[in-house]
Amino acid sequence: MIRLLIADDEDLLRSALASLLALEDDLEVVAEASTSTDAVRLAREHGPDVAVLDLEMPPADGLRAAEEITAELPTRIVLVTRHARPAVLRRALAAGVRGFVPKTTSASRLAEIIRDVAAGRRYVDADIAAAALTEDECPLTDRELEVLRAARTGASVNEIAAQVHLAPGTVRNYLSTAMTKLRAPTRHAAAHQAWQQGWI
C-alpha cells in the first residue's frame, strides 16, 4: 500500500483528487492539507510514502514545502502545477522532487505516476521538459532575486533591508535594477514576474 499526502489550497480539487486516488487498490490517502505549512506538518506527523503537492499554495509554495519535507523525510514528492514554468522545474529537480505534472493530468495517469515515483523512478511531463530546454537564462543577480523574493510578501523597503541584512538605499538600488531589467513598473510587478518565471 502506498500512503499519500495530498496538498492543495483549492478544497474542491483536493477532495476530488483524494477521493479518486483512494479508489485505487494500492493507494491510501493518509492526510490532506490546504497550505504549504500544513503539508510539512502533516508529512512529519504521518510520514507518507509520496506527497502530491500543488505548486501554487500559500503561504510559501509547494516547492518550499517539498524542500522542507525532503530535507527531513524519505517521502517522495510529486509537484502538480497549473502554470508549468521551466525554471521551477530545474529548482524542483535540484530539490529532489521526483515527479512534475500539470493539473491537466487525469487521476488515473497520476496514480500511475505515483506508483512509478514510489518505486524510485522519476517522471517529468514531456511538454514541461521541452520548454525547460529552450528557456532563456535569468537576467537577475542573486542579490536582485533575494530582494525580489522579500518584496513578493508586500514588505516595505525597510522591512526588506532588515530581512536581507542590507541598507535601505542598497535595497532600493537592487529593486530599481531588477525593475529595469524586467521592464516592470513596480517592485511588486517585478517580484511577480520573477515568481512567474520560476526564478524566485
Side-chain angles (χ1 to χ4, degrees), residues 1-24 26-129 131-132 149 152-153 194-200:
M1 187 66 77
I2 300 169
R3 302 170 71 253
L4 302 177
L5 162 66
I6 309 293
D8 193 310
D9 61 323
E10 296 180 56
D11 293 343
L12 183 61
L13 285 176
R14 185 186 66 252
S15 58
L17 182 59
S19 297
L20 288 168
L21 291 175
L23 294 174
E24 302 286 331
D26 58 342
L27 303 180
E28 179 191 4
V29 178
V30 295
E32 294 181 42
S34 59
T35 67
S36 56
T37 309
D38 282 346
V40 174
R41 179 180 59 78
L42 290 168
R44 288 178 182 136
E45 195 175 308
H46 295 276
D49 301 306
V50 177
V52 180
L53 308 177
D54 177 28
L55 178 64
E56 296 90 11
M57 182 173 48
D61 59 27
L63 182 52
R64 183 66 58 85
E67 289 168 345
E68 290 185 40
I69 292 168
T70 55
E72 296 179 32
L73 301 165
T75 300
R76 295 189 167 119
I77 307 293
V78 174
L79 272 183
V80 182
T81 180
R82 182 172 281 120
H83 308 290
R85 298 179 299 276
V88 173
L89 170 60
R90 286 202 289 273
R91 286 174 50 212
L93 294 177
V97 169
R98 307 295 299 182
F100 202 93
V101 299
K103 276 197 171 177
T104 53
T105 305
S106 69
S108 59
R109 179 67 185 118
L110 182 58
E112 292 171 13
I113 293 165
I114 288 168
R115 291 183 189 102
D116 284 347
V117 166
R121 291 184 287 276
R122 185 174 290 204
Y123 176 84
V124 176
D125 176 73
D127 290 339
I128 298 171
R149 190 175 292 114
R152 190 164 175 264
T153 64
W195 179 81
Q196 281 190 315
Q197 292 295 330
W199 298 331
I200 59 173

Nearest heavy-atom pair of [X] and [Y]: which atoms, and what distance?
X: Ala92; Y: Leu63; result: CA-CD1, 3.6 Å
X: Leu21; Y: Leu27; result: O-CB, 3.6 Å
X: Thr75; Y: Pro48; result: OG1-O, 2.7 Å
X: Ala33; Y: Leu42; result: CB-CD1, 3.8 Å
X: Thr35; Y: Pro59; result: CB-CD, 4.0 Å
X: Thr70; Y: Glu67; result: OG1-O, 3.3 Å

Hey, could you give me the [atom1]/[atom2] distance between [X] and [Y], rounded to the nearest 0.5 Å?
X: Asp54; Y: Arg14; atom1: CG; atom2: CZ; value: 10.5 Å
X: Ile6; Y: Ser34; atom1: CD1; atom2: OG; value: 13.5 Å
X: His46; Y: Arg3; atom1: NE2; atom2: CZ; value: 8.0 Å
X: Ile69; Y: Leu53; atom1: CD1; atom2: CG; value: 5.0 Å
X: Asp49; Y: Leu73; atom1: CG; atom2: CG; value: 11.0 Å
X: Ser15; Y: Asp8; atom1: OG; atom2: CG; value: 9.5 Å

Inset, instruction - Take Asp26 and Arg115 through the test salt bridge (Lys or Arg N to Asp or Glu O under 4.0 Å) and record every step on the way to the result. - result: CA-CA 9 Å; Asp26 58 342; Arg115 291 183 189 102; 2.7 Å; yes

Inset, instruction - Apply side chain to side chain donor-acceptor pair (under 3.5 Å) to the pair Glu56 and Thr81, showing each step before the final yes or no. - result: CA-CA 7 Å; Glu56 296 90 11; Thr81 180; 2.7 Å; yes

Within the side chain of [X], is there an N or O that forms a donor-acceptor pair under 3.5 Å with the backbone of [Y]?
X: Arg149; Y: Ile200; answer: no
X: Arg152; Y: Trp195; answer: no
X: Arg98; Y: Val117; answer: no

Validation row: [X], [Y] side chains within 4.5 angstrom (heavy atoms):
X: Phe100; Y: Val88; answer: yes
X: Leu55; Y: Val80; answer: no
X: Val101; Y: Tyr123; answer: yes
X: Asp61; Y: Met57; answer: no
X: Pro58; Y: Asp9; answer: yes
X: Leu4; Y: Glu28; answer: no
X: Leu89; Y: Leu93; answer: yes
X: Ser36; Y: Arg64; answer: no

Legend entry - Full working for salt bridge (Lys or Arg N to Asp or Glu O under 4.0 Å) between Asp116 and Arg122: CA-CA 7 Å; Asp116 284 347; Arg122 185 174 290 204; over 6 Å; no

Legend entry - Evaluation steps, side chain to side chain contact (heavy atoms under 4.5 Å, CB included), between Val52 and Leu5: CA-CA 6 Å; Val52 180; Leu5 162 66; over 6 Å; no

Inset, instruction - Check the pair Leu110 / Val78 against side chain to side chain contact (heavy atoms under 4.5 Å, CB included), numbers first and verdict last. - result: CA-CA 9 Å; Leu110 182 58; Val78 174; 4.2 Å; yes

Inset, instruction - Any chance you could lay out the salt bridge (Lys or Arg N to Asp or Glu O under 4.0 Å) test for Glu10 and Lys103, step after step, and finish with the verdict? - result: CA-CA 12 Å; Glu10 296 180 56; Lys103 276 197 171 177; 3.5 Å; yes

